[in-house]
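Read the structure below first, then the notes.
Reminder, nothing fancy here: chain letters follow the sequence lines and each chain counts from 1. No experiment lies behind these values; they were computed from the predicted model shown.
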Amino acid sequence: MSTTSPTVGGPRLYSTLSRRSEPLEPGPDGTVRMYVCGPTVYGPVHVGNARPFVVFSVLKRYLTRRGFAVRFVSNVTDVNDKIYAAAGREEVPSAELAARYLAEYVADTDRLELGRPDLEPTVTGHMPEIIDLIERLITVDLAYPSHGDVYFRVNRFPGYGKLSGRRLDELLVTEPGDAKEHPLDFALWKGHKPDEDTFWESPWGNGRPGWHIECSAMAQSALGPSFEIHGGGIDLAFPHHENEIAQSEGANGVPMARIWAHNEMLELGGKMSKSEGNIILLRDALDRWGRDVLVAFFLRTHYRSKLPFGDPALEDTARQVETIRNTILALDRAESAPGTGINRELADTLVAARNDFFDALDDDFHTPRAFAALFEVIHAIHRAVDGARPGLAQLQATRSEFVALLDVLGLASLAVSRPGAPVEIVALAREREIARAEGDFARADELRAEIEARGYEVRDTPEGPQVTSR
RNA sequence: GGCGACGUGGCGAAGUGGGAACGCUGCGGUCUGCAAAACCGCCAUGAGUCGGUUCGAUUCCGACCGUCGCCUCCA
């Protein structure tokens, strides 16, 4: 990732368009409006698809905690070449296939427990808006019908290439395309083909929308012609977002988005993409690692850095997550046997770390630095619990502050005490205590092993044995 | 070929024109019947390579090497 300007009052985000970090200001209606390109539902979503979902969901969380009203819109593409192809392979109607994978996408991302976007529009739900936008582009001469299709006239839009830093004459052109005036003209509307089992009526005959026009239409419909943040994976910058800009700004004459925010790719020995076949499904990753580890994994690296997905990094994250849980356990313990007064170091660290935490997130959503601040708090808590243990009031205030920080990152679940051990485990632990008191350590160790075999762990503390699930 | 991002300790990952955060691992110690957790301490004289600017560069500039993304569907 490249460097960004230091924080000067308020959140800033790096924009691919200006190639620098920009102050984030709400729109005229006082809300931050954010549109993020979601998946095409032709199969189960993979962990790469989850990165923008996590990043922008947590960004919304952060901005909300920061006092902004945020409207987060993320579309789902449910009409597309790949959907027809997949439907053909599975021998089901394309609409049925899209509906099924849409439901699975929602179910899989729900497991991340980061809430839903405020609106998740679909292509099929926006045909009139799409057709209307195409008509307007034809009216202003930015688009033309040809052979049952409609194409965007790239040469007539002066800013074409401004997002991705390309010039028309530099772009590699392969196929001439007899239906198009210019090889880089792209389809807004595609005439119906016999092997496609869905189509919509339009002024240009039956057909369906091209890929890019849907986002222009849906974003405008949900957020207006101009909004604050447009997000998505960096691989979408060209041509998808470039084309969105051409369509929306060509039709509306105002900047589509103030900030173009792009997350970098997940890597799994090369880019993870469905067409390459090197895929880890989100649901499989959730099964294996759980949402806490997965969410923390995405957040411990900056969103604009490439992120290698692999066991070492996930195992590393799992240990970090465990450390956070242990901190809560330490607070539990301390609150059951509080000290007195105020621990100055703890209080001071908390204030400083809180500032660092929010400064980091203000600076281009710098979650790795926010994590560093979190660990400052963690160490201060342990030192206070083990050393000059403060009174109950400070312990409780510390806990709520700590949990509030975790909550900003969507990790407050780490602070939820796991369900207490069942009675039979408690009984074993009690038996072990008796054995220990009698000096029968062999028996005590046997009982520890028995408890561990049943999925629990005993930790002897000054406050007595603590039994946790593991 | 063009556009773009990036190369920091065993691994992951930050900041910074002049002391290289933070996490994981490892090592030593404290605590502990044991164990775990936790705490204390240690672990890059060097930041892909080579030049340049500078009193001074990991940080700025250039070249080269390398990795990755985009240029076709892709989060």
Protein-nucleotides 40-43 of chain B N/O pairs under 3.5 Å:
{"unit_1": "rC40(B)", "atom_1": "OP1", "unit_2": "R383(A)", "atom_2": "NH1", "d": "2.9"}

Of all the nucleotides listed ([options]), which has the minimum atom distance to the side chain of [X]?
X	options	value
H382(A)	rC68(B), rC39(B), rA75(B)	rC39(B)
E267(A)	rC68(B), rC24(B), rG15(B)	rC68(B)
E457(A)	rA36(B), rA14(B), rC22(B)	rA36(B)
P368(A)	rA14(B), rA75(B), rA38(B)	rA14(B)
D316(A)	rA75(B), rC11(B), rA5(B)	rC11(B)
R448(A)	rC34(B), rA14(B), rG12(B)	rC34(B)
F238(A)	rC71(B), rC22(B), rA14(B)	rC71(B)
R369(A)	rA38(B), rG12(B), rA14(B)	rA14(B)

Roughly, in whole Å, what's the span from [atom1] in [X] to [atom2] in [N]?
X	N	atom1	atom2	result
E322(A)	rA38(B)	CD	C1'	13 Å
I234(A)	rC3(B)	CD1	P	16 Å
F298(A)	rA75(B)	CZ	P	14 Å
Y160(A)	rC3(B)	OH	C1'	13 Å
Y105(A)	rA75(B)	OH	P	10 Å
N355(A)	rG15(B)	CG	P	19 Å
R333(A)	rC39(B)	CZ	P	11 Å
L414(A)	rG23(B)	CG	P	17 Å

Ion pair [X]/[Y], N-O distance below 4.0 Å:
X	Y	value
R432(A)	E450(A)	no
R443(A)	E446(A)	yes
D364(A)	R369(A)	no
E457(A)	R325(A)	no
E433(A)	R430(A)	no
R304(A)	E264(A)	no
D386(A)	R333(A)	yes

Using a 4.0 Å heavy-atom cut-off, does [X] contact any base of the nucleic acid, only the sugar-phosphate backbone, or nothing at all?
X	result
T461(A)	nothing
R432(A)	base
V458(A)	base
G387(A)	nothing
F375(A)	sugar-phosphate
E376(A)	sugar-phosphate
R459(A)	base
P308(A)	sugar-phosphate
D445(A)	base

[atom1] gap between [N] and [M], integer Å:
N	M	atom1	result
rA44(B)	rG12(B)	C1'	15 Å
rC27(B)	rA14(B)	C1'	25 Å
rG2(B)	rU8(B)	P	26 Å
rA47(B)	rG10(B)	P	13 Å
rA37(B)	rC68(B)	P	37 Å
rU45(B)	rA20(B)	C1'	11 Å
rA75(B)	rU16(B)	P	33 Å
rU32(B)	rU67(B)	C1'	48 Å

If you go through the side-chain atoms of R436(A), does one of them form a donor-acceptor pair with the base of rG33(B) closer than 3.5 Å?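 For R436(A), whose side chain was compared with the base of rG33(B), there is a donor-acceptor pair (under 3.5 Å).
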
Pairing of RNA chain B as dot-bracket, 5' to 3': ( ) intra-strand, [ ] crossing, | other strand, . unpaired, with Watson-Crick or G-U pairs under 3.5 Å? (((((((..(((.....[...))).(((((.......))))).....(((((..]....))))))))))))....

Can you see which heavy atom on [X] is nearest to which on [Y], and at what distance?
X	Y	answer
K190(A)	G210(A)	CE-CA, 4.4 Å
P39(A)	N49(A)	CB-OD1, 4.5 Å
F357(A)	L405(A)	CZ-O, 3.4 Å
G233(A)	H262(A)	O-CD2, 3.5 Å

For RNA chain B, whose closest nucleotide is more 5', that of E264(A) or that of Q320(A)?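 Nearest nucleotide further toward 5': that of Q320(A).
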
RNA chain B: 5'-proximal contact among N263(A) and S164(A) (nearest heavy atom):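 Nearer the 5' end of the strand: S164(A).
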
State whether H366(A) places a side-chain N or O below 4.0 Å from either non-bridging phosphate oxygen (OP1 or OP2) of rG15(B).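 Checking H366(A) against rG15(B): at least one side-chain N or O falls below 4.0 Å of OP1 or OP2.
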
Kindly say if N326(A) contacts the phosphate of rA38(B), meaning a side-chain N or O under 4.0 Å from OP1 or OP2.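 For rA38(B), OP1/OP2 do have a side-chain N/O of N326(A) under 4.0 Å.
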
Test: R116(A) cationic atom under 6.0 Å from Y105(A) six-membered ring centre, within 45° of axis: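 Yes, a cation-pi geometry holds between R116(A) and Y105(A).
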
Could you verify whether a donor N or O on one side chain and an acceptor N or O on the other, from S413(A) and R291(A), lie under 3.5 Å apart?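 A pair is found: one side chain offers a donor N or O, the other an acceptor, under 3.5 Å apart.
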
